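Worksheet for the structure shown next.
From a predicted model like this one, the values you see are computed outputs, not experimental measurements.
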Amino acid sequence: MLKARGSKKATQFTESVIREMTRLAQEFDAVNLSQGFPDFSTHQVLKDAACAAIQGDINQYPITWGAENLRQAISRDFSKRYGVAVDETQVTVCCGSTEAMLSTLLAVLDPGDEVVIFEPYYENYGPDSIISGAVPRFVRLREPDWTFDRADLEAAFNNNTRAIIINTPNNPTGKVFTTEELQFIARLCMKWDVLAITDEIYEHIIYDGHKHVPMASIDGMADRTITINGLSKTFSVTGWRVGWAIAPADLAGPIRKMHDFLTVGAPAPLQEAGVTALAMPESYYTEMAAGYARRRKMMCDILERHGFKFNPPQGAYYVMTDIAHFGFDSDIEFATYLVKEVGVAVVPGSSFFNDRKAGRTKVRFVYSKRDETMREADKRLAKLATLKRSLAR
Ligand SMILES: Cc1ncc(COP(=O)(O)O)c(C=O)c1O
């Protein structure tokens, strides 16, 4: 009888902890502050555009690398916003930025190539590197401002390094990379002939006057940067699964090939609605960012009230908090207690680190949530006070 077994690759990483926390939240009827999706509606104009596209019979396979009008809208927006000249031939529309990242890594990495990843990192990057046969090299971002040590980063580059993954604004830390930091990374990329793959999905969610600087806009980097982005976060449509990669002309072909054989194409009517999304006036972005600034304050106030320690995020919509003083053995224990006993789901910090120990005293909260969701979490977290009192006894 055939003995069923998974591939060696499949044994090298676990199920997504973030998505598992969402399942636990449902099981224990907990307030879900784990997975990064909004629990509020997207804009009515976008819902109407998606419905109109379906009614208008845009329901068959799209052009594999993306509907032409969407690719034009993406390249126009990027060029106009950041002054980097790109055209639609450089764009591949994928099933979310998740697939754009994987198609890109598969397109540019060979087995044994090394890819530098900052940690803590968005958890997909580890498995993505393994799937593409590459060897991840992790460089630590350090608190309070989650910057990297320049010597650590220099030491991570060598003749086998093929790419570095940067995520700014960053999940889970909320860090926004500065121009100086990006210039330093750029110098290393040029010295070692390395590609920069930048996940900029939170580009418009940014606070306190911090500015999003795309790696492709740094001198000398346009020809060696692949910019990953998507509709999910900016337009509150994480279920639509529309994302993209903007690549130098020579690399767009290999990315398109990988994308074609992975998924054929992203949902056709939702690509059409994406054209409407990218035509929203600037006031849309300003109001969206202001909404998140308000939610950030609300979440930070709640966390402070319940004794969490953290540095407020500069961008994106997560707070990485320290939990050492709550007296649990690990982040997993604390997160399990929180979801089962308190009724609030968060993500254990260790899932963002290759060196799991480094995240043992951390959990991540998300605040892309309605006020009433956060108020309910606030109420439930009051239970932590009894825990602290019993710890003190
Ligand atoms: C940094 C980062 N990149 C990518 C994604 C996934 O984006 P998409 O919905 O476009 O696949 C997320 C989702 O949380 C994220 O935080």
If you draw the axis of the six-membered ring of [Y], does the NZ or CZ of [X] fall within 45° of it and under 6.0 Å from the ring centre?
X      : Y      : answer
Arg356 : Phe353 : no
Arg142 : Phe148 : no
Lys175 : Phe118 : no

Verify side chain to side chain contact (heavy atoms under 4.5 Å, CB included) between Phe157 and Val194, making sure each step is shown before the conclusion.
-> CA-CA 9 Å; Phe157 280 70; Val194 160; 3.9 Å; yes

Do the charged groups of [X] and [Y] touch, with an N to O distance under 4.0 Å?
X      : Y      : answer
Arg360 : Asp329 : no
Asp378 : Arg305 : yes
Arg137 : Glu119 : no
Lys369 : Asp39  : no
Asp371 : Arg295 : no

Within-4.5 Å side-chain heavy-atom neighbours: [X] and [Y]:
X      : Y      : value
Leu33  : Arg364 : no
Met280 : Phe235 : yes
Thr373 : Val31  : yes

Look at the aromatic rings of Tyr337 and Phe334 and report parallel, tilted or perpendicular, splitting at 30° and 60°.
->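 The rings of Tyr337 and Phe334 sit tilted, inter-plane angle from 30° to 60°.
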
Close aromatic pair by centroid cut-off 6.0 Å: [X] and [Y]:
X      : Y      : answer
Tyr367 : Tyr318 : no
Phe308 : Phe365 : yes
Tyr82  : His212 : yes
Tyr202 : Tyr317 : yes

Going by atom types only, do [X] and [Y] share a side-chain donor-acceptor pair under 3.5 Å?
X      : Y      : result
Gln314 : Asp208 : no
Gln90  : Ser75  : no
Gln183 : Asp219 : no

Only one of Leu195, Val115, Ile197 passes side chain to side chain contact (heavy atoms under 4.5 Å, CB included) with Arg162; say which it is.
->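 So the option named by the test is Leu195.
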
Could you please spell out the steps behind the side chain to side chain contact (heavy atoms under 4.5 Å, CB included) verdict for Val237 and Ser232?
-> CA-CA 5 Å; Val237 288; Ser232 284; 5.6 Å; no

Sidechain-backbone polar pair: Asp322 side chain, Ala324 backbone, donor-acceptor under 3.5 Å |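 Yes: the side chain of Asp322 pairs with the backbone of Ala324.
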
Can you name the ring pair (Phe, Tyr, Trp, His ring centres under 6.0 Å) partners of His204, sequence neighbours left out?
->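 If we apply the ring pair (Phe, Tyr, Trp, His ring centres under 6.0 Å) test to His204, skipping adjacent residues, the hits are Tyr285.
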
side-chain hydrogen bond (donor to acceptor under 3.5 Å, both in side chains) evaluation trace for Glu200 with Thr168 = CA-CA 5 Å; Glu200 302 183 1; Thr168 182; over 6 Å; no

So Tyr292 and Glu287, side-chain hydrogen bond (donor to acceptor under 3.5 Å, both in side chains) or not? Walk me through it.
-> CA-CA 9 Å; Tyr292 275 113; Glu287 279 161 29; over 6 Å; no

